[in-house]
Every structure is written in C-alpha cells, then in structure tokens.
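Protein chains get the first letters and strands the later ones, always in sequence-line order, with residue 1 at the start of each.
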2 protein chains.
Amino acid sequence: MFSKACEYGIRASTYIALQSHEGKRASLKDIARETDSPVAFTAKILQQLSKNKIIDSVQGAAGGFEIVKSKINHIKLSEIVYAIDGDNVYMGCGLGLEKCNANKPCPVHDKFVAIRDDLRDMLENTTLYEMTSGLEVGLTYLKR
Amino acid sequence: MFSKACEYGIRASTYIALQSHEGKRASLKDIARETDSPVAFTAKILQQLSKNKIIDSVQGAAGGFEIVKSKINHIKLSEIVYAIDGDNVYMGCGLGLEKCNANKPCPVHDKFVAIRDDLRDMLENTTLYEMTSGLEVGLTYLKR
DNA sequence: TCAAAATAGGACAATTTTGTCCTATTTAAT
DNA sequence: ATTAAATAGGACAAAATTGTCCTATTTTGA
C-alpha cells in the first residue's frame with residue numbers, strides 16, 4: 001500500500017512525536033533502533049519530513065529531531081504519506097489508467113473510489129497524537 | 001496499490017474475458033494493444049495467469065488466450081491479484097511490521113484492518129464477468 | 001512437408017526503490 | 001580553540017520491478 005520509505009517515515013514520525021510529548025529530542029540512532037529501520041535510509045526520510053515542515057531537525061551535538069508539542073495533535077497521517085508517497089495511493093486509478101474518471105471510468109472505478117475514499121478519510125482523520133497514545137501504555141508497537 | 005504487473009494482468013484478463021464471452025480467442029498482440037500494455041511484459045504476465053489456471057493459453061497458429069465461458073462468472077478479482085501480487089495488499093501491516101496482529105498491533109492496526117477488509121471484500125465479490133459488462137456498451141474502458 | 005503464426009521461456013537491460021558510505025557542516029561542552 | 005556528537009547531503013551500491021529481445025516450440029493451413 002505504502003512504499004517502504006513511507007512506512008519508515010510514519011513509524012519515525014510517531015516515535016518522534018512520542019518523545020517530543022515527553023519533552024525529549026530524538027536522535028537518528030534512537031529512531032532507527034526503536035522503529036527497527038535502516039539508519040542511513042531513515043536519515044534521508046527524516047530530511048524529507050523536515051523539509052516538508054512535519055518534523056524539526058536540530059543540528060550539532062545534542063541535536064536531533066522533534067515535533068513542536070502543539071503540532072502533535074494537528075499533524076495528520078495523510079500529511080506524512082503525502083510528503084513521501086504523494087497522493088497516488090488514494091487518488092490514482094486502481095488499474096493504472098492515466099485518465100480514469102467518473103466520465104470514462106475503468107471497470108472497477110466506482111468500487112475503488114469507495115475504498116480509496118475510506119482510506120483518505122482514515123488518513124485525514126488520524127493524528128500523530130492518536131498514534132502515540134497506545135504506545136505509552138504498551139498497547140501498540142512500532143517494531144516487531 | 002497493485003504492482004504494474006498486476007494492473008496489466010487485471011486489464012488483460014478482463015479483455016480476454018470480454019473476447020471469450022463472444023467466442024473469440026485473444027492474441028497477445030490484441031491484448032497488449034487493447035489494454036495499452038507493453039507486449040513482451042504482458043506475455044510474461046499471461047504465462048503467470050495461465051500457470052495459475054485463470055486463463056487458458058493455446059499455442060500455435062490461430063492460438064491465443066481464452067477463458068472458458070462458464071468460468072468468467074466465477075473468477076474473482078482477488079484470484080487474479082493473488083496470482084500476481086500475493087495477498088500482501090489486503091493482509092500485510094500498514095506500517096510494514098512483520099508480526100503485527102490484534103495482540104501486538106501497530107498504532108493504526110484496527111483502522112487498517114477495516115480498510116483492508118473492505119478491499120478484500122470488494123476483490124472477492126467482483127467477478128470478471130461483472131468487469132466486462134460495462135465494456136461492451138462503452139460505459140467503461142481498459143485504456144486511456 | 002513446409003511455411004507462417006502464435007505462445008513459451010531464458011537471458012538480458014533499464015528503471016525505480018531501497019539502502020550504504022563518506023565527507024561537510026553545525027553545535028554544545030570542555 | 002578544540003573536540004566530540006549530531007544532522008545534511010552527495011555519491012554510490014544493491015535489490016526489486018519493469019521491460020525487451022531472441023530463440024525454441026507448437027500448431028494450423030496450404
């Protein structure tokens with residue numbers, strides 16, 4: 001569904017949000033370890049998220065990544081996905097047609113639209129905060 | 001969502017079903033042209049579909065690909081997707097975790113399960129016949 | 001029998017995605 | 001000032017996906 005880069009990106013963002021919520025800055029090493037992701041590849045993705053203003057990066061010793069506390073509640077999963085994978089996941093044609101639309105639809109257009117609408121809805125209504133809430137109490141996991 | 005190979009495979013299968021319904025055998029060239037797919041790559045995918053008993057191939061002059069009429073109504077989209085992409089699309093974890101499940105879920109497990117269930121449902125309840133019905137009357141398209 | 005037309009399949013090539021490595025830069029602390 | 005620890009970013013490498021090409025095989029029809 002999502003690219004590997006996007007999966008790592010979501011996991012990383014969630015971990016950073018969790019740490020930021022506790023007032024801690026997260027280092028690349030920690031992020032990679034706690035989300036079971038390849039370090040250098042994750043670094044690239046964090047750069048991308050940083051450029052897209054989803055996370056903040058702080059250079060230098062004691063630097064790392066963080067998310068302004070007040071934003072954690074407002075950042076949607078959809079923004080992270082969009083920053084990394086674009087909107088093709090919930091916009092493109094299920095059969096890969098360039099110009100598939102309600103006027104000249106592919107044979108499964110309507111059915112895919114329904115699924116994709118649900119997906120978009122879900123992504124746009126899930127905040128980073130919501131994703132961290134289960135982690136703190138050990139109900140959900142970012143690796144395994 | 002699906003791989004290119006899978007998209008081509010679905011389009012090809014649909015076209016073959018359409019032709020078979022009219023008693024015609026479809027040649028690789030026709031299939032590729034009518035679904036706007038790369039010829040040689042499509043050939044590989046058709047081999048795969050043939051090995052998975054979804055379509056029949058007939059070698060030799062006047063050969064081609066076909067689907068037994070009585071099967072068109074029973075072949076589900078899910079079978080085509082499974083033959084080419086496996087079941088990861090509607091089984092795997094949205095965040096890419098190996099062992100994500102209801103017991104040790106990722107932060108979006110439940111939400112993804114809902115979407116994926118809908119997707120699987122849709123794929124399992126859409127037959128090839130259903131996909132061809134709009135094509136005949138020009139309501140739907142396989143290229144563009 | 002032979003030629004033509006079609007699929008089968010192996011080998012290879014191009015592209016994209018995933019991932020690594022090295023150096024530069026920034027910053028904190030001593 | 002210097003050193004150490006961290007991110008930034010470019011270059012490269014590996015793997016997966018997408019795609020091509022060539023030859024072999026099968027089958028029909030003249």
B:R25/B:E66 ion pair, N-O < 4.0 Å: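 Yes.
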Between A:K71 and A:E79, does any side-chain N to carboxylate O distance fall below 4.0 Å?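 No salt bridge links A:K71 with A:E79.
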Tell me which of A:K29 and B:Y8 sits closer to the 5' end of DNA chain D, going by the nucleotide each one is nearest to.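 Nearest nucleotide further toward 5': that of A:K29.
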Please say whether more than 12 non-hydrogen atoms of neighbouring residues, nucleotides or ligands are located less than 6.0 Å from CZ in A:R144.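 12 or below, so no.
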B:E22 CD: over 12 foreign heavy atoms closer than 6.0 Å: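 Enclosed: over 12 neighbouring heavy atoms sit under 6.0 Å from CD of B:E22.
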For the atom pair NZ (A:K111) and CG (B:D121), what is the distance rounded to the nearest 0.5 Å?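 It comes to 10.0 Å.
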Where along residues 44-51 of chain B does a heavy atom come under 4.0 Å from DNA chain C, residue by residue in number order?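 The answer is B:K44, B:Q47, B:K51.
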[X] [atom1] to [N] [atom2], straight-line distance once rounded to whole Å:
X	N	atom1	atom2	result
A:D85	C:dT16	CG	P	16 Å
A:F65	C:dT26	CZ	C1'	13 Å
A:L28	C:dT26	CG	C1'	16 Å

With a 6.0 Å cut-off on ring centres, are A:Y90 and A:Y82 close enough?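 Between A:Y90 and A:Y82, the centre distance exceeds or equals 6.0 Å.
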Interface limits on DNA chain D, where chain B has a heavy atom under 4.0 Å of a nucleotide atom: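 On DNA chain D, the outermost contacted nucleotides are D:dT18 to D:dT28.
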Can you run down the salt bridge (Lys or Arg N to Asp or Glu O under 4.0 Å) pairs that involve residues 83-97 of chain A, sequence neighbours left out, and say none if there aren't any?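 Sorted pair list comes back empty.
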Please classify the nucleic acid contact of B:G63 as base, sugar-phosphate, or nothing, using heavy-atom distances under 4.0 Å.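 Sugar-phosphate contact only.
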Answer whether the closest heavy-atom distance between the side chains of A:K76 and A:T126 falls below 4.5 Å.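 No, side chains not in contact.
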For B:A26 and for A:F2, find the nucleotide of DNA chain C with the closest heavy atom, then tell me which residue's nucleotide is more 5'.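 The answer here is B:A26.
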